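Have a look at the structure below before the remarks.
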There are 2 protein chains.
Amino acid sequence: MATIVQVARLAGVSTSTVSHVLNDTRNVEPSTRAKVMAAIEETGYRQDAVARAMRRARTDSIGLVISDAGEPAFAEMVHGVEHAAAARGLTLILANSAEDPVREERAVNTLLSRRVDGLIIARCAESSATVSSRLEPEAPRPVVLLDRVFDNSPHDQVGADNRDSMRRLVEHLQAAGHRRFLLVAGDQRVPTLVERFRGFRDAIPDADLPQQVVVDAVDIAEVRQAVATALQQQRASCVIAASTPLAVAALECLRDAGLATPDQIAFAAFDGFSHSDLFRPTITTVRQPAFEMGAAAVSLLIDRLAAPDASPRTLRLNQTLELRESTENYEPRAS
Amino acid sequence: MATIVQVARLAGVSTSTVSHVLNDTRNVEPSTRAKVMAAIEETGYRQDAVARAMRRARTDSIGLVISDAGEPAFAEMVHGVEHAAAARGLTLILANSAEDPVREERAVNTLLSRRVDGLIIARCAESSATVSSRLEPEAPRPVVLLDRVFDNSPHDQVGADNRDSMRRLVEHLQAAGHRRFLLVAGDQRVPTLVERFRGFRDAIPDADLPQQVVVDAVDIAEVRQAVATALQQQRASCVIAASTPLAVAALECLRDAGLATPDQIAFAAFDGFSHSDLFRPTITTVRQPAFEMGAAAVSLLIDRLAAPDASPRTLRLNQTLELRESTENYEPRAS
DNA sequence: ACCGGCCACGAAAACGATTGATTGGAGAGC
DNA sequence: GCTCTCCAATCAATCGTTTTCGTGGCCGGT
């Protein structure tokens, strides 16, 4: 590849002039500019982003650490981040922590060493301390937390209105006559799942609480075990799964127990399944605006770069409650 | 951030010694090494990947240009690439062309300007010429083509055994009694879809060909239109969709036409839907090993970096035919 | 005692751009 | 005609590493 020196030589000017033409960073005589452009054309010169980053403060790149690249909701967030970043001329460096704090920390280190202008992180369940301590004392690289939102975070954050949405979902189900729920709440070290659990509690009168079954197992096999046991006791009229993997486990249990949805038991899930409308039963879903969350994270990051000292913001995007047949036609029985 | 100079000063050695300690690139006295390590610890020094890349020939990063980040199959490939790259200490720069040749070219340029060690590209439908010409004359950055595989490509490639799989699928359906198919073949500028179409032709006796309906419309609305029309003519006993978006369109048409699967019409799809087993009808699917394809692309890239002059390889991973109820219980009617 | 070789380390030149300081010349004002 | 200003363009320092050459000291062999 040609370098700026060769371009300058060919155009008969200095490298600084070429640089200024390239970056439009000070006036240059039209005739010189033309010569430079011609030389660029002829040599097939392309700016070297590495050398450029070396000299300047910024790299025009951002890092994204995702906690589970295999999960469709996160894939959508990646998509949203990529889209918003590209639209602003930022390149995206992607890393996956696979819910492993060690890999997460390694990823953050790698990204920092590559001098990304900022970081977007969907934290894994157990990472809080490590990553924070790694982030704070360093050169102040802005960080935006994605999806997994923490109280009193020093960082900007974007999440969903999990608590409200869960409350609305449960209230809807209650209005349809449901009183006894099986909530598959999932790993309570994950803020998202904690919020959804809280929303559930918000909607349940204290007196009814004892009737509810909550599964907060971490390992998916344990979840399946617990759900199966709970179903045998035949107490719930409605199952709520707080995430897609949990919904998968729950649906498998329902299938294995021979319980049909919605005729024998109602079912609702957060995040849900793609193309849910094409298959039966169609599942009542609280859908996360995953793409938009990713895009919003980039916006927050840009804002932060422009105003490093503004106080941190937490953005909550609305989820949509999509009612489908898995929660229809419930006939409350006298209990 | 501390630099290598500060570390050297603190340790009372030269920067070259620090560098050699860091990279284990020549013998250093255990005592000096210890001093250096201590200084690194104390300053919290972290190697600067940008400066490092500046000096060395490699950047330890690879670029991935994906043609449709929104599609789950491609998201899985991204996941596979990320996984394999991280395992080898490579960082991944991600770009999405969204099936737009202009964006694709821009992405390739950006990645080259960042001096990625190599590129993995899932080409978009119309890009052939542009990107090729951009890639060839440059500094020889290895390129691996992913999913969309081209004949006589000068690059390494990894795809799926589309033609074989389609032939096997059709043969299976024929064995079950189907003779008249509606193939939703999709955009024939996409090599993957061309291969699937060829596999279909392979399996159909010439005499039967006139009975088959093939929809190769590009725009998804046109596809839907064409499928709807074809269904009204009531000729096919089985619909085959050559990709997930096409399957979505086809299933919507079936639903709108009030045709139940599999009772009134059989259905099979390539790539398919996640968690297909949980919902009805369960769909007979030819599943792409998307994750593995991504990982394989990284392997090819690594091999290529090690042996730049080896002749280009094309890898074809096997797809699996997953038989489900959408193609069961067909009762051939006398026609 | 001298020479050669080895070993641990250091000095300094890249890598390819950006950018603050500086120069040279043209034009304006008196 | 002289100075002052302004503008375009150049010079040279700089970013933080890696790596090529050297250098000096020590040891062993003759």
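Keep in mind it's a predicted model, so treat the numbers as computed, not measured. Order of the sequence lines sets the chain letters (A, B, ...), proteins ahead of strands, with each chain counted from 1.
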**Pairs touching residues 8-20 of chain A that satisfy salt bridge (charged side-chain N to carboxylate O under 4.0 Å, His left out), sequence neighbours left out** = none
**Request:** Using atom CZ of A:Arg52 as one end and atom C1' of D:dT14 as the other, report the distance to the nearest whole Å.
**Result:** 16 Å
**Request:** Specify the separation, in whole Å, of atom CE of B:Met54 and atom P of D:dT19.
**Result:** 14 Å
**Fill in**
note: B:Lys35, atom NZ; C:dA8, atom P; distance rounded to Å ~ 14 Å
**Request:** Could you note down all residue pairs passing salt bridge (charged side-chain N to carboxylate O under 4.0 Å, His left out) where residues 14-30 of chain B supplies at least one of them, sequence neighbours left out?
**Result:** B:Asp24-B:Arg33
**Complete:** Here the distance between atom C1' of C:dC15 and atom CG of B:Asp48, to the nearest Å, is 13 Å
Ignoring hydrogens and angles, write down the donor-acceptor pairs under 3.5 Å from the side chains of residues 77-96 of chain B, residues two or more places apart or on other chains.
unit_1, atom_1, unit_2, atom_2, d
B:Glu82, OE2, A:Asn96, N, 3.0
B:Arg88, NH2, B:Ser299, OG, 3.4
B:Thr91, OG1, A:Arg114, NE, 2.9
B:Thr91, OG1, A:Arg114, NH2, 3.3
B:Asn96, OD1, B:Ala69, N, 3.3
B:Asn96, OD1, B:Ala98, N, 3.0

**Item:** All pairs passing side-chain hydrogen bond (donor to acceptor under 3.5 Å, both in side chains) where residues 62-72 of chain A contributes a residue, at least two apart
**Value:** A:Ser67-A:Arg148
**Request:** Can you tell me the distance, in whole Å, between the CZ atom of B:Arg56 and the P atom of C:dG16?
**Result:** 15 Å
**Prompt:** Among all residues two or more places apart in sequence or in another chain, which pass the salt bridge (Lys or Arg N to Asp or Glu O under 4.0 Å) test with A:Glu292?
**Reply:** none
**Request:** Tell me what A:Arg58 touches on the nucleic acid: a base, only sugar-phosphate, or nothing, going by heavy atoms under 4.0 Å.
**Result:** nothing
**Prompt:** Whole Å only: how far is the CD1 atom of A:Ile4 from the P atom of C:dC15?
**Reply:** 14 Å
**Prompt:** Hey, what do you get for OG (B:Ser97) to CD (B:Glu105), rounding to the nearest 0.5 Å?
**Reply:** 12.0 Å
**Prompt:** B:Thr3 near the nucleic acid: base, sugar-phosphate alone, or nothing, with a heavy-atom cut-off under 4.0 Å?
**Reply:** sugar-phosphate
**Separation of atom CZ in A:Arg115 from atom P in C:dA17, rounded to whole Å** = 16 Å
**Request:** Could you check how far CZ of B:Arg9 sits from P of D:dG16, rounded to whole Å?
**Result:** 12 Å
Nucleotide N/O of nucleotides 8-10 of chain D paired with protein N/O under 3.5 Å:
unit_1, atom_1, unit_2, atom_2, d
D:dA9, OP1, A:Thr32, OG1, 2.4
D:dA9, OP2, A:Glu29, N, 3.0
D:dA9, OP2, A:Thr32, OG1, 3.4
D:dA9, N7, A:Arg26, NH2, 2.9
D:dT10, OP1, A:Ser14, N, 3.3
D:dT10, OP2, A:Ser14, N, 2.8
D:dT10, OP2, A:Ser14, OG, 2.8
D:dT10, OP2, A:Thr17, OG1, 2.5
D:dT10, O4, A:Arg26, NH1, 3.1
D:dT10, O4, A:Arg26, NH2, 2.9

